[in-house]
Amino acid sequence: MKFAEFKTMDLYDQASVICDEGVLLSERTEGESLVVLYGVGSFYVEVFYRSADSEILKFRSFQSVQFLEPYLDQIDIDPLILCY
């Protein structure tokens with residue numbers, strides 16, 4: 001799936017692609033929303049759910065890694081640090 005193709009799809013078709021091809025990467029909260037991050041091929045999609053009832057509010061798709069910054073504090077690098 002190419003990013004440009006995904007962007008031209010309607011929300012129903014985008015949801016199908018996320019379910020079929022998306023890889024769950026992380027999640028976070030933003031205000032009253034649960035935001036779930038998926039990797040889809042060479043791009044990312046955030047799915048915003050209303051916390052109260054899990055209704056999907058919107059999708060935000062992007063290619064730039066700068067939008068991954070809110071997730072970086074969740075990565076535990078302790079296992080990667082070698083102690084001598």
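The 12-atom threshold is exceeded at CD of Gln63, counting heavy atoms of other residues, nucleotides or ligands nearer than 6.0 Å. Annotation for Glu21: atom CD counts as buried by contact number, over 12 foreign heavy atoms lying within 6.0 Å.
The hydrophobic clustering, which links ILVMFWY residues whose side-chain heavy atoms are closer than 4.5 Å, places Leu11 and Val40 together. Grouping the Ile, Leu, Val, Met, Phe, Trp and Tyr side chains by contacts below 4.5 angstrom, directly or via other members, places Val45 apart from Phe48.
The closest side-chain heavy-atom distance from Ser51 to Thr29 is not below 4.5 Å. Inter-residue side-chain proximity for Val35 and Tyr71 is flagged as met; some heavy-atom pair is nearer than 4.5 Å. Between Glu30 and Glu46 the shortest side-chain heavy-atom distance does not fall below 4.5 Å.
Scanning both residues, Arg28 and Leu34, for their nearest heavy atoms gives O-CD1, 3.4 Å. Heavy atoms only, all atoms of each residue included: Tyr38 and Gly22 are closest at CD2-C, 4.2 Å. Pairing each heavy atom of Phe62 with each of Phe43, the nearest pair is O-CB, 3.4 Å. For the residue pair Leu25 and Gly39, the shortest heavy atom distance occurs at CD1-N, 3.5 Å.
With sequence neighbours excluded, the residues forming a salt bridge (charged side-chain N to carboxylate O under 4.0 Å, His left out) with Asp53 are Arg50, listed by chain and number.
Here the OH atom belonging to Tyr49 is positioned 9.5 Å from the CD atom belonging to Glu27, to the nearest 0.5 angstrom. Here OG of Ser61 is found 6.0 Å from CD of Gln14. Values are rounded to the nearest 0.5 Å. Interatomic distance, OG1 of Thr8 versus NZ of Lys2, reported as 12.5 Å (0.5 Å rounding).
The backbone N or O of Gln66 sits less than 3.5 Å from a side-chain atom of Ser64, completing a donor-acceptor pair.
Partner Val47 forms a side-chain contact (heavy atoms from CB on, under 4.5 Å) with one of Leu24, Leu37, Ile56 and no other, that one being Ile56.
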Q | Test log, rule ring pair (Phe, Tyr, Trp, His ring centres under 6.0 Å), inputs Phe67 and Tyr44 | A | CA-CA 9 Å; Phe67 294 113; Tyr44 304 95; 9.9 Å; no
